[in-house]
Amino acid sequence: MLSNLEHASVVALVGGIGVGKSSLLHQEVSAALTARQLWPYPWAPGPIGDLTWQLENFVTSGLRRLPRPVVLLPTIDLGPDDIPQALRDSGVRVVATSRHGSLWSPPDRIVRIGVFTRSQSIEYLTHSVRGLSDRDAEQAAEYLDDIPLALAHAIPFLRRGLSVENFLRLSREYPAFVFDEKTIDDYSSSLLAEYEKYLSALAPPISPLSLDLLGALAVMRGKPFTVPNPSTQPQNSLWRPAVLTLPADRQPPAPYRIRKEYRSLERHGLVQQFEDHFEMTALKSDLTLFLFGADLLPRVSGIAESMLLNRLPVNEGEVKWSDRARWAECLEPLLAVDPVNMVSLQSRFCLLGAAGYLLLQGRYREAYDRLSALRTSWRAGQPNSPGVPLQVRLRLLDLLSQAARRIEDPRAWRYAATAYRCRRQLQGEHHPDTISSALTMLLAIPCTDRGRPLLAALTVLLESAEAGQHDQLAHRIRSLKAAVRLAFRHTVKPVNELLEILGAQTGFLGADHPDTLSTLHQLAFAYAESGQDELAKQRFEAAVAGRTAALGKQHPDTLASVEALEAHLRGAPPPAHRQFW
């Protein structure tokens, strides 16, 4: 770039949205040329008037009077045909910076320009902001999409001592303040203005659906979204997308239309396609939401809702183990979406299901925070709270109690007790939801007196589950009763009972189901407590292998089995009784 300026005299800096045209001039070219006693003259056309006319007028009337080198800094992306012939005829050689070098041909010279690599972004930020760690720089670069102009906008804020977390929050909530053209950058329009031009260019023949889809991705904070494909849906005839619960006028567009419109957005540089899904960056999603304003938000939120529901089974806020792959695909968009924008009964259940999937993954703190945010959003007095049915609120309390118990929040019992009282009154004692709420409440109570009250209460719940033929619940309660006897060192070791439960759960739920693996974990302890060390070792190893495969190496349940195996091999006492359930 520098050598080109020294020899060619005139450079036209062109490129797409925020690719660093002005940053290149500010940070690299000016300093290097000054050291050689060369002073570049930056020129940009005015915001009003025909660009071609301004360029031709500048070349014919102003260019010859200016000392070299001269930097042309247009506010839009130019191609070879946009360079005035008068400039080409003036005897100077044009050097174009562009992400599309193949469009240009001799005698023009090309300097490729585009977004930074991640390492370049980190180096740029840490060099510009004293004391900024590589980790914080990487976090900022991830949000800012490695766009040089966006990174340059961040630097003044970070230099003022603003933490990266606070800067990112400020960017999301007040993008006009952070990216306004008056904050920095005297040579070109701001990132916000550049992006607004890109959005305004989405005029016919671009379908109006493109804007809706772009807004839907923005509502989901740009998280990856897989376009539905009927050929990949499970063969289980009982499975059906939750979107079928929506009215006909709120059904999602056909998958082929979604793909077609996303590809048009991709050509405009607004979204990217990765194998089977489309996404936009967090920065672009925040700018899109701001520029769209409140008027379009209800419509694009409805599209986002239908797109998400089209990937999920009908549910009541609980995640079935057999559906976990579907929840994994939609987890990030569901966590990103503002609950205010999800107003149907089924979509609210899906928001709860996402929190339930976090619990399944062992991400207890994240689940607790998300559920607390949902509870606040659905509290009386909020704009959308009157439409939140009681059944949604009760499921929320159940899940919140489970998350609170896992992080040892003392309010766990209170949440479950409230849900249990309401369910008992509305649904009766033998309803599976009532039994589940009661079970959650019992597990949150501190155990005393060698677990006798807990055993008695579990016996009552087991009778209710068996009376209602709720087999999965009954097996879980029986397994928990055996765990209580093991935890409190009761004389009779429940080896045979656990073997029976394990066989039933393996046939009913599958060998990789968390309930089955939990029973296997208990069985290993039962063998150890009864002195059958070799069988205990085998079951501990099986529990570790099973939980690692099903839940992952870092899942708390996997780590509990690993800890129990290591303690058994050392001959140490078993872990605290809380690890039994």
Side-chain angles (χ1 to χ4, degrees), residues 234 312-313 315 317-332 334-335 352-371 398-408 412 436 439-440 443 472-473 475-480 482-483 486-487 498 501-526 528 536-569 574-581:
L312 292 168
N315 66 94
E318 290 188 309
V319 177
K320 293 182 180 179
W321 182 246
S322 57
D323 294 330
R324 63 191 183 281
R326 293 286 167 172
W327 288 99
E329 289 178 359
C330 290
L331 177 65
E332 292 302 321
L334 278 170
L335 294 178
L352 294 178
Y357 185 73
L358 288 177
L359 287 172
L360 198 64
Q361 289 186 308
R363 296 159 63 178
Y364 305 131
R365 171 53 68 176
E366 291 179 63
Y368 181 84
D369 291 343
R370 177 61 170 172
L371 289 163
D398 284 331
L399 293 170
L400 191 58
S401 175
Q402 295 174 34
R405 177 174 66 85
R406 290 290 195 165
I407 64 173
E408 299 183 350
S436 294
L439 187 58
T440 302
L443 295 180
Q472 183 175 348
L473 261 176
H475 290 319
R476 185 186 305 164
I477 295 170
R478 290 176 63 199
S479 182
L480 284 169
L486 285 170
L498 285 168
I501 298 169
L502 181 63
Q505 288 179 322
T506 302
F508 182 68
L509 302 173
D512 65 341
H513 192 281
D515 284 2
T516 307
L517 294 170
S518 178
T519 300
L520 179 63
H521 181 79
Q522 319 301 348
L523 180 60
F525 275 109
K537 176 176 176 292
Q538 293 174 10
R539 295 306 192 276
F540 276 131
E541 289 173 345
V544 170
R547 282 178 161 173
T548 300
L551 304 174
K553 288 183 178 180
Q554 300 304 314
H555 193 283
D557 290 350
T558 305
L559 297 177
S561 289
V562 170
E563 181 185 359
L565 173 61
E566 292 175 348
H568 177 73
L569 294 176
H577 72 272
R578 280 294 178 193
Q579 296 207 14
F580 282 88
W581 56 82

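Just so it is clear, the values below take in all heavy atoms, side chains as well, and ignore hydrogens, waters and symmetry mates.
Contact detail for Gly356 and Val319: the closest heavy-atom pair is C-CG2, 4.1 Å. The nearest pair of heavy atoms linking Thr558 to Gly552 is OG1-O, 2.8 Å. Across all non-hydrogen atoms, the minimal contact from Leu498 to Ala526 is CD1-CB, 3.8 Å. In plain terms, the two heavy atoms of Ala536 and Ala524 that are nearest each other are CB-O, 3.5 Å. Ser561 approaches Ala543 most closely through the heavy-atom pair OG-CB, 3.9 Å. Contact record, Ala564 with His521: CB-CE1, 4.1 Å, taken as the closest heavy-atom pair.
Remark: Glu566 CD to Leu559 CG distance equals 9.5 Å, nearest 0.5 Å. Once rounded to the nearest 0.5 Å, the distance linking OG of Ser518 with CZ of Arg476 reads 9.5 Å. Rounding to the nearest 0.5 angstrom, the gap separating the CG atom in Leu502 from the CG atom in Leu517 is 9.0 Å. Taking CZ of Arg547 as the reference point, atom CG of Asp512 lies at 13.0 Å (rounded to 0.5 Å). To the nearest 0.5 Å, the span separating CG on Asp369 from CG on Leu358 amounts to 10.0 Å. From Gln522, atom CD reaches atom CZ of Arg478 across 13.5 Å, with rounding to the nearest 0.5 Å.
The side-chain hydrogen bond (donor to acceptor under 3.5 Å, both in side chains) search around Gln361 returns Arg363, not counting sequence neighbours. For Glu332, there are no salt bridge (Lys or Arg N to Asp or Glu O under 4.0 Å) partners, not counting sequence neighbours. Looking at residues two or more places apart in sequence or on another chain, you find a side-chain contact (heavy atoms from CB on, under 4.5 Å) between Ala504 and His475. With sequence neighbours left out, the side-chain contact (heavy atoms from CB on, under 4.5 Å) criterion links Ala404 to Tyr368, Asp409, Ala412, Tyr415. For Phe540, the ring-ring contact (aromatic ring centres under 6.0 Å, His included) test picks out Phe525, His568, with sequence neighbours left out. Listed by chain and residue number, Lys537, Leu565 satisfy the side-chain contact (heavy atoms from CB on, under 4.5 Å) test with Leu569 (two or more places apart in sequence, or in another chain). In this view, Ser479 and Thr519 satisfy the side-chain hydrogen bond (donor to acceptor under 3.5 Å, both in side chains) rule, not counting sequence neighbours. For His555, the ring-ring contact (aromatic ring centres under 6.0 Å, His included) test picks out no residue, with sequence neighbours left out. Under the side-chain hydrogen bond (donor to acceptor under 3.5 Å, both in side chains) criterion, Arg539 pairs with no residue, sequence neighbours left out. A search for side-chain contact (heavy atoms from CB on, under 4.5 Å) contacts involving Thr440 returns Ser401, Gln402, Ala416, not counting sequence neighbours. Scored by the side-chain hydrogen bond (donor to acceptor under 3.5 Å, both in side chains) test, Glu318 finds no partners at all (sequence neighbours excluded).
Listed by first and then second residue, the salt bridge (charged side-chain N to carboxylate O under 4.0 Å, His left out) pairs that reach into residues 552-562 are Arg406-Asp557, sequence neighbours excluded.
Residues Leu312 and Asp323 are not in side-chain contact: their nearest non-hydrogen atoms beyond the backbone lie 4.5 Å or more apart. Side-chain contact check for Leu371 versus Leu352: some heavy-atom pair is nearer than 4.5 Å. The shortest side-chain heavy-atom distance between Leu360 and Trp321 falls under the 4.5 Å cut-off. Residues Lys320 and Asn315 form no side-chain contact, since every pair of their non-hydrogen atoms from C-beta on lies 4.5 Å or further apart.
Panel note: side chain Thr516, backbone Gly510; a donor-acceptor pair is recorded below 3.5 Å. A distance-only check finds a donor-acceptor pair linking the side chain of Thr548 to the backbone of Val544 [under 3.5 Å].
Because its NZ or CZ atom is not both nearer than 6.0 Å to the ring centre of Trp327 and within 45° of the ring axis, Arg324 does not count as a cation-pi partner of that residue.
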